[in-house]
Structure formats: C-alpha cells, structure tokens
There are 2 protein chains.
Amino acid sequence: MADRVTITTVARHAQVSVQTVSNVLNSPHLVRPETRQRVQDAIDALGYRANQAARQMRTGRSRLIAARIEPAQDGINGSILDRFLHGLAEAAAPARYRVLLYTAADDAAEIATYEDMLSAYDIDAFVLTSTHHADTRTTWLAERGVPFVTFGRPWDAPGSHPWVDVDGAAGTAEATRHLLRAGHRRIGFIGWPPGSGVGDDRRSGWAAALAEAGIDCHGLDAVTADGVAEGVAAARDLLTRAEPVTAIVCCSDSLALGALHATGGAEPAVPGPPAPGRIAVIGFDDTPVAQAVGLTSIAQPLGEAATHCLRLLATQLDAPGSRPPGDGQILLTPALVPRRTA
Amino acid sequence: MADRVTITTVARHAQVSVQTVSNVLNSPHLVRPETRQRVQDAIDALGYRANQAARQMRTGRSRLIAARIEPAQDGINGSILDRFLHGLAEAAAPARYRVLLYTAADDAAEIATYEDMLSAYDIDAFVLTSTHHADTRTTWLAERGVPFVTFGRPWDAPGSHPWVDVDGAAGTAEATRHLLRAGHRRIGFIGWPPGSGVGDDRRSGWAAALAEAGIDCHGLDAVTADGVAEGVAAARDLLTRAEPVTAIVCCSDSLALGALHATGGAEPAVPGPPAPGRIAVIGFDDTPVAQAVGLTSIAQPLGEAATHCLRLLATQLDAPGSRPPGDGQILLTPALVPRRTA
DNA sequence: TTCCGGCAGTTGAACGTTCAAATTATGCGG
DNA sequence: CCGCATAATTTGAACGTTCAACTGCCGGAA
C-alpha cells in the first residue's frame with residue numbers, strides 16, 4: 001500500500017503550509033491566485049483527496065445523508081422507494097454528499113437509529129419517507145434541530161418542515177378528465193379506507209374532476225384495503241350496482257390490476273389504443289406491473305422528487321439558518337401514462 | 001444542544017483514564033471486572049456512543065460498506081436489487097456496519113468512485129452486483145487489496161475472490177422437473193443470447209433436467225433479448241414448430257409474461273391450481289409482476305444472499321488474512337414458487 | 001531479601017484536518 | 001523612506017479516539 005497522500009504531503013510538494021492547502025480547498029479567495037494554482041497543481045499531481053474523517057472531526061459535518069430502505073412490502077407497490085433512493089444517491093453525488101442506508105421496523109426503532117447515527121456518524125441530515133398522521137419521527141428530529149426533509153407531506157401540520165410530495169389529487173384528477181374526454185360519465189373510484197393522507201388525497205382529485213364536469217360522485221366509489229384480490233372484489237361491487245360504472249380510477253396499481261381482472265381486460269403488454277366498449281381502468285404509481293400489463297397509470301416523478309429533497313437539504317446545510325425559497329414546500333405533479341386500458 | 005458526551009466525560013464519571021474506557025470498549029479482557037462494570041455503568045448512565053470519525057482516524061476503519069444502487073432498468077426485473085440492498089442493510093446493522101450507496105454509469109465510472117470513496121471515506125469493503133465477463137472492477141479491487149464480495153459469480157476466474165450467487169441452473173432444473181412430473185415431455189426454453197453467464201447457466205439447468213429424463217432438448221429452445229414483446233415472439237415461435245412444446249421455462253419473468261400472453265393464459269392473480277390443457281409457463285426471479293399475474297416463477301433467496309455477503313465480509317474484516325470457511329464461495333439454491341401457470 | 005514476570009491501569013503521542021490567532025509580506029499615502 | 005492598513009501565509013491548538021510505551025503493584029522463585 002503506497003503511503004497515504006495527506007494535506008501535509010501536498011503542502012510540502014507545493015512549498016506552502018498545510019493551512020494554505022486547506023484554504024485553497026475551503027476558502028480559495030484567501031489565497032493569492034498564483035499560490036492557489038501551485039497548490040492545485042500539487043493536488044492534481046499527487047491525486048490528493050481530503051480525508052473525510054479528519055475533516056469531520058474538526059467541523060462536525062459528515063456529508064452523509066441517511067435514508068431508510070424498507071422491506072419490499074406487498075411487492076407490487078415496492079420499487080417506488082427503490083427508484084427514489086437511486087435518484088437520491090445520484091443527486092447527492094455532485095453535491096459531494098453520500099447516502100447512508102438504515103432499516104427500522106417501526107417509528108420507535110427508527111428514532112433509536114437516529115440517536116445512534118447522529119452520535120456515532122454525525123449524520124448531517126435525514127430523508128424520511130412514508131410520512132403518516134401523528135408521525136413522531138418529525139417532531140423528534142425537529143426538537144433536536146436535526147435537518148431533514150420528508151418525501152411525503154406532513155399530514156398534520158402543513159408548514160412545519162421542508163417537504164417534497166407528489167400531488168396525488170392532481171394525478172387522479174387528470175386521470176378522471178382523461179376518461180371524461182373519452183366520453184365516460186360514470187367513472188368509479190376504488191380507494192383505501194379514509195384516514196390515510198395519501199388515499200384521501202387521491203380520492204379528492206377524482207371527486208373534484210367529476211364535480212368540475214357537473215357529475216355527482218355519490219355512489220360511484222368503493223373502499224377497500226390495498227391488494228389485487230381486494231381490487232377484484234371492489235370492481236365487481238362497482239359493476240353490479242344499479243347504475244354500473246364504465247371506467248374506474250384506482251388508488252394503486254394493485255387495485256387496478258384486480259379491477260382489470262374483474263372486468264376481463266388483462267392481457268399483458270400489447271401496445272395499441274384502448275379497446276372500445278371495455279371498462280376503462282387507471283392505476284396509480286406506474287409500477288413495473290402496469291408497464292408489463294399495459295395498464296394506464298399515473299407516474300410519480302421520483303427522480304425529480306429526489307433531486308428536490310436533496311436541494312432542500314443542501315441549501316439548509318450549506319447555508320445554515322437560511323430558508324429555502326418557497327419555504328421548502330414542494331408539490332410535484334404526476335403524469336398520466338396512457339396505455340391499453342384507458 | 002447539550003455538550004457532547006465523549007470518552008473523556010465517561011472517564012471522569014467512572015474515575016478512570018480515557019484509555020481504560022477505550023479498553024472496556026475494545027479489549028474488555030484487559031480490564032478488571034469491577035472496573036469494567038463501573039465504566040459500563042458510566043457509559044449507560046451518560047448514553048455515551050463512540051465517535052466513529054475519531055475512531056476511524058486512528059484505526060483507518062470506517063465500518064462502512066459501499067454498494068451500488070442501479071437505475072430501475074427495464075423495470076420488470078428491477079426490485080431484485082432493492083430487496084438485496086434491504087437485506088444487506090439489515091444484515092449490516094447487528095455487525096455494526098452500515099451501507100453507503102453510490103451510483104455509476106459504467107465500470108470505469110465505478111472504479112473512479114472506488115478511488116474517491118476509499119481515499120475520502122476509508123470504505124472498509126465493497127459489495128458488487130451484476131458481475132459479468134471481463135469485469136474490470138474485481139481485478140482493480142483485488143490488485144489494491146480492498147476487501148469485497150460479489151453477488152454473482154466471477155464468470156471468468158472461479159476461485160479468485162469471495163462471492164455469493166444463486167444457482168440458476170438448479171432453479172431451471174427444478175422448474176423443468178416440476179413440469180416433467182406434471183406429465184409434460186416437450187418442455188421448451190426461452191433464453192438470452194449465449195455469452196451472458198447468468199443466461200447460459202439458467203439454460204444449462206433446463207437442458208440437464210431434460211437429459212436426466214432421457215429427452216433430447218434439441219429444437220426445444222428459442223433465443224432472444226429480454227422483454228415482454230420478445231417473449232411473445234419467442235413463444236409463438238416455439239408453438240408453431242413441427243412438434244410444438246406444451247410447457248415453457250423462461251429466463252426471466254419478462255419473457256414469461258410474454259409467453260403467457262402468446263399462449264393466452266394471462267389473467268391476474270386468481271389463486272388456484274393450474275388449468276389443465278393450457279401451455280404451462282414458468283418465469284425467473286419471482287418479481288412483483290409474477291406475484292400479481294399468478295405466474296409460477298423461481299425465487300432467489302435474496303435476503304439470505306445478502307446475509308452471506310455480509311458474513312463473508314465481516315470475517316474478512318474482523319480477522320484480516322483469514323479465509324472464510326469454504327473459501328468464501330457460496331452458491332444458494334433458489335426455490336420454485338408454484339402458481340397458476342404451471 | 002532480591003529480582004522477575006505479569007496484571008491493571010496511566011501517560012503521551014499520533015491520526016488529518018480546520019479554527020483562531022499570530023506573523024510576515026505588500027501596497028499606499030504622506 | 002517611514003508608518004500603517006490590509007492581504008497572504010504560518011503557527012499552535014484542538015477535535016475524540018487508539019496505539020505503544022510506561023509505571024506501580026503483587027506474588028512467587030532464587
């Protein structure tokens with residue numbers, strides 16, 4: 001193993017003190033241009049890279065951002081987090097941050113992990129996913145002044161911290177309008193039990209778009225837990241009512257896949273226009289399953305969301321005390337991906 | 001912010017020197033039991049946690065393991081890496097390691113990232129995924145004596161470094177035997193173009209199982225790139241030959257989904273026994289799509305693979321120079337998940 | 001008694017960096 | 001050509017930990 005190149009090596013090579021090398025790296029304006037160049041040349045020639053641990057000891061900053069990786073839950077809706085994490089890691093690199101993973105079974109375990117990571121690793125910031133009502137994690141972090149962003153709105157106290165989210169209502173509204181344009185009037189909705197922020201939000205977009213068109217959404221929706229089998233049942237329910245629906249917007253791709261089966265429209269991946277006369281179905285999240293089956297779905301801009309999360313953190317970290325523009329509340333609009341089923 | 005609790009705080013509190021505290025943590029046998037207990041009590045009372053950066057400065061070890069997170073490629077086959085990473089993070093925690101993410105567009109970029117992470121963060125080890133022929137990454141790391149494991153065999157030089165992989169051939173062989181038991185004789189295979197280690201391996205298991213049963217596999221297979229549309233075409237090919245197949249084993253769930261469509265057997269998620277008379281289809285990887293569609297598939301034990309990866313690294317790191325038992329070459333057997341399609 | 005070896009614990013230095021303060025160099029007006 | 005302000009650079013200390021060497025102490029063999 002070759003001797004490690006430290007700031008001292010560079011200093012000797014460039015005939016300056018170590019502090020000057022440090023200044024070139026951190027406060028270049030303090031150094032005369034020609035000296036700066038000489039030092040820079042030495043850095044390049046030696047392939048010097050600042051040691052993060054040593055730097056961290058002095059500054060208390062690790063340039064590490066922690067994010068939780070969840071178990072692939074029901075499977076069909078997983079892979080969203082995956083893409084988000086990838087975006088996060090990719091956005092972090094150019095800002096010279098890195099993403100550290102952790103797992104936690106529940107909120108309490110997650111908070112215990114925060115303690116560990118903060119004291120042992122000096123984590124600079126956290127990215128939280130899957131926010132929910134009465135989220136103890138955010139208050140814990142906020143109380144201690146730890147920088148963090150959530151991917152997902154704070155469902156209880158809107159303005160309390162920076163967040164990035166995708167406008168589910170806008171997505172379902174667009175899906176509904178898409179169906180209205182295609183001539184549908186009786187457009188159903190399969191959603192989750194009230195109380196989940198995400199689910200209520202998505203339902204509201206569908207209701208709003210119908211109201212816009214002067215249609216009463218009463219009796220057009222079904223409520224069920226997430227899952228393919230649940231989707232089948234809910235769709236059958238909607239189809240056997242007094243006035244059956246001709247199209248269904250779903251809260252998830254799982255439900256949509258179930259609906260698709262119930263309406264007899266599931267063959268995988270034949271590109272082409274939607275078949276006329278069929279019950280139209282639209283899912284949510286544009287999962288691999290939707291792509292495979294040809295299910296029209298609503299795609300979240302996950303890469304963009306990750307980039308925004310990182311930008312929010314970076315402004316907070318690099319200029320402490322400064323509020324990001326717009327108070328750091330970012331709502332992104334998802335996009336409808338039309339396929340065979342609508 | 002409360003004052004930081006350092007080893008010095010603990011030492012004062014327990015009336016010993018800092019070195020004794022350090023010994024309690026790292027070499028307890030050097031400390032008399034009663035002193036040890038006193039120090040331990042102080043640690044607990046103060047909630048002390050060793051600062052990783054300072055520790056790292058002295059020891060050169062970061063307790064950080066780096067792994068690449070890839071973009072969700074074709075989508076349908078993604079989510080495997082996701083589950084693997086989750087397993088990795090989960091297995092790392094009890095061993096007091098953490099997983100650091102990085103991204104890289106190609107092997108060259110990845111090697112550049114190694115340099116950066118090694119010199120800046122003192123990464124202890126790397127976990128490589130997607131090994132392939134002529135993999136420059138492994139040689140680069142090996143040359144520099146950097147500890148690493150690959151998830152995926154080294155396809156060129158079998159014994160060169162520790163690895164964990166899933167026995168694809170065993171998987172396809174089991175799938176094939178499953179079909180043989182169900183009475184099928186003409187069992188086709190849809191695979192990838194020769195040259196990819198993984199693809200060749202999977203094909204060989206199918207061929208071997210047929211040979212076992214005294215069946216000539218000649219003319220029973222199709223070769224194509226990965227993808228749903230490709231699967232459709234390949235399956236049609238197999239079905240229009242002189243002696244059409246009655247069952248198909250596929251190299252991936254994407255191909256299988258295509259095959260399923262070509263054979264008219266794709267409705268999602270109705271549990272129950274396979275329909276008699278239908279062309280049987282078996283996929284590979286047990287992706288969410290397979291679960292959703294009811295496709296019989298071969299599941300890789302990803303959590304187990306991750307655990308093994310970590311164990312291999314941990315033995316290597318905690319006892320330098322020691323070879324793990326079995327020379328660190330671990331081949332896991334995947335499991336057939338029977339569903340509707342076979 | 002003297003000396004030695006081993007155990008328990010302490011001391012001082014070092015890891016590589018940045019901060020704060022001190023020193024030296026440079027430019028400018030009188 | 002001096003004095004002074006400011007720019008440029010250096011010096012010394014510190015961050016929290018572990019390593020290597022050292023000091024006492026006790027028990028047993030010579």
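Residue numbering restarts at 1 for every chain, and letters A, B, ... go by the order of the sequence lines.
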With a 4.5 Å heavy-atom cut-off, do [X] and [Y] have their side chains touching?
X        : Y        : result
A:Leu302 : A:His86  : no
B:Leu64  : B:Gln56  : no
A:Gln40  : A:Ile43  : yes
B:Asp135 : B:Asp156 : no
A:Ile69  : B:Asp82  : yes
B:Ser62  : B:Tyr121 : no

> In residues 29-44 of chain B, what residues come within less than 4.0 Å of DNA chain D, judged by heavy atoms?
Replying inline: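 Those residues whose heavy atoms fall under 4.0 Å from DNA chain D, taken from residues 29-44 of chain B, amount to none.
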In residues 108-118 of chain B, what donor-acceptor pairs under 3.5 Å come from side-chain atoms, sequence neighbours left out?
from: B:Glu110; atom 1: OE1; to: B:Arg68; atom 2: NH1; distance (Å): 2.4
from: B:Glu110; atom 1: OE1; to: B:Arg137; atom 2: NH1; distance (Å): 3.2
from: B:Glu110; atom 1: OE2; to: B:Tyr102; atom 2: OH; distance (Å): 2.8
from: B:Glu110; atom 1: OE2; to: B:Tyr114; atom 2: OH; distance (Å): 2.9
from: B:Glu110; atom 1: OE2; to: B:Arg137; atom 2: NH1; distance (Å): 3.3
from: B:Thr113; atom 1: OG1; to: B:Ala109; atom 2: O; distance (Å): 2.8
from: B:Asp116; atom 1: OD1; to: A:Arg49; atom 2: NE; distance (Å): 3.3
from: B:Asp116; atom 1: OD1; to: A:Arg96; atom 2: NH2; distance (Å): 3.4
from: B:Asp116; atom 1: OD2; to: A:Arg96; atom 2: NH2; distance (Å): 3.2
from: B:Asp116; atom 1: OD2; to: A:Arg98; atom 2: NH2; distance (Å): 3.0

>> Please give me every residue in residues 11-26 of chain A whose heavy atoms get under 4.0 Å of an atom in DNA chain C, ordered by residue number.
In response: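 Here the set is A:Gln19, A:Ser22, A:Asn26.
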> Taking only residues two or more places apart in sequence, or in another chain, which ones meet A:Asp106 in a side-chain hydrogen bond (donor to acceptor under 3.5 Å, both in side chains)?
Replying inline: none
> Looking for any heavy atom pair under 4.0 Å, which part of the strands does B:Ala53 touch: base, sugar-phosphate only, or nothing?
Replying inline: nothing
>> List the residues meeting salt bridge (Lys or Arg N to Asp or Glu O under 4.0 Å) with A:Glu90, not counting sequence neighbours, and say none if there are none.
In response: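 With neighbours one apart ignored, the set is empty.
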> Can you tell me if A:Thr20 and A:Ser17 form a side-chain donor-acceptor pair at under 3.5 Å?
Replying inline: yes
> First and last nucleotide of DNA chain C touching chain B, 5' to 3', heavy-atom cut-off 4.0 Å?
Replying inline: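 The footprint of chain B covers C:dA8 to C:dG16.
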